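Just so you know, these numbers come straight off a predicted model, no measurement behind them.
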Amino acid sequence: MKYAAVYLIFINAVTVILYAGDKYRAVHRRYRIPESVLMWCAALGGSPAALAAMHIFHHKTHKPKFYVGVPLILVLHLAAAALIVYGVYIR
């Protein structure tokens, strides 16, 4: 459990940094971080940070892939966590 917490802190920190960096690059018309990288960070456990960063930085909030996809990923993560906590394992 300790390693999972460290991992989640790490992936969420990386996700916020990437979303902030992409917003900065968008404003300054520089090379962008691919959307697939941003989505993979959310899918790999950074969905809470991705959703927060979208609203804090007002970034990717008009793209359906993000305003639908990121909350959906978060719901799936929460459902998986609930299954783990309650000891129900999917086989």
Side-chain angles (χ1 to χ4, degrees):
M1 227 29 172
K2 179 180 175 182
Y3 294 113
V6 170
Y7 170 76
L8 288 173
I9 291 168
F10 173 76
I11 193 66
N12 279 277
V14 167
T15 302
V16 168
I17 291 166
L18 287 175
Y19 272 76
D22 191 50
K23 177 64 176 190
Y24 177 85
R25 291 169 185 221
V27 169
H28 292 89
R29 299 180 186 261
R30 294 186 179 171
Y31 177 75
R32 304 286 299 280
I33 296 170
E35 288 183 350
S36 61
V37 171
L38 299 175
M39 288 300 285
W40 270 108
C41 284
L44 292 173
S47 56
L51 190 59
M54 285 172 57
H55 292 287
I56 292 168
F57 303 120
H58 304 285
H59 191 51
K60 303 287 186 188
T61 56
H62 295 281
K63 293 198 168 218
K65 180 194 294 187
F66 286 88
Y67 73 74
V68 172
V70 172
L72 180 61
I73 292 169
L74 178 59
V75 168
L76 293 173
H77 285 158
L78 292 173
L83 290 174
I84 291 168
V85 167
Y86 292 111
V88 178
Y89 299 102
I90 300 173
R91 295 179 194 227

Chemist: Listed by chain and number, what are the side-chain contact (heavy atoms from CB on, under 4.5 Å) partners of P34, not counting sequence neighbours?
Modeler: S36, V37

Chemist: To check you understand the geometry: which heavy-atom pair defines the closest contact between L74 and P48, and what is its length?
Modeler: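 Residues L74 and P48, closest heavy atoms: CD1-CG, 3.8 Å.
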
Chemist: State the OG1-CG distance between T15 and L8, to the nearest 0.5 angstrom.
Modeler: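 If we round to the nearest 0.5 Å, T15:OG1 and L8:CG are 10.0 Å apart.
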
Chemist: Nearest heavy-atom pair of C41 and I11: which atoms, and what distance?
Modeler: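 In this case the closest contact between C41 and I11 is O-CG1, 3.9 Å.
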
Chemist: What residues, two or more places apart in sequence or in another chain, satisfy side chain to side chain donor-acceptor pair (under 3.5 Å) together with D22?
Modeler: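 Here the qualifying residues are R32, H59.
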
Chemist: Identify the heavy atoms of A42 and V70 that sit nearest to each other, and give their distance.
Modeler: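 What the structure gives for the nearest pair is CB-CG2, 4.5 Å.
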
Chemist: Test: side-chain hydrogen bond (donor to acceptor under 3.5 Å, both in side chains). Region: residues 61-71. Which pairs qualify, not counting sequence neighbours?
Modeler: E35-K63, E35-K65

Chemist: On a heavy-atom basis, which atom in L51 and which in P71 lie closest, and how many Å separate them?
Modeler: CD1-CG, 3.9 Å

Chemist: Among all residues two or more places apart in sequence or in another chain, which pass the side chain to side chain donor-acceptor pair (under 3.5 Å) test with K23?
Modeler: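 If we apply the side chain to side chain donor-acceptor pair (under 3.5 Å) test to K23, skipping adjacent residues, there are no hits.
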
Chemist: Applying salt bridge (Lys or Arg N to Asp or Glu O under 4.0 Å) as the test, list every pair that has at least one member in residues 77-87; sequence neighbours left out.
Modeler: none

Chemist: Would V75 end up clustered with I73 when hydrophobic side chains under 4.5 Å apart are linked, directly or stepwise?
Modeler: no

Chemist: Please give the remaining members of the hydrophobic cluster of I17, linking ILVMFWY side chains under 4.5 Å, ordered by chain and number.
Modeler: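 None; I17 is a cluster of one.
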
Chemist: Show the nearest heavy-atom pair for residues L44 and Y7, with the distance to one decimal.
Modeler: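 What the structure gives for the nearest pair is O-OH, 2.6 Å.
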
Chemist: Tell me every residue that passes side chain to side chain donor-acceptor pair (under 3.5 Å) with S47, counting only those two or more places apart in sequence or in another chain.
Modeler: H77

Chemist: Among residues two or more places apart or on two chains, list those pairs meeting ring-ring contact (aromatic ring centres under 6.0 Å, His included) that have a residue in residues 9-58.
Modeler: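 Those involving residues 9-58 are Y24-H28.
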
Chemist: Sorted by first residue and then second, give each salt bridge (Lys or Arg N to Asp or Glu O under 4.0 Å) pair with at least one member in residues 69-78; sequence neighbours left out.
Modeler: none

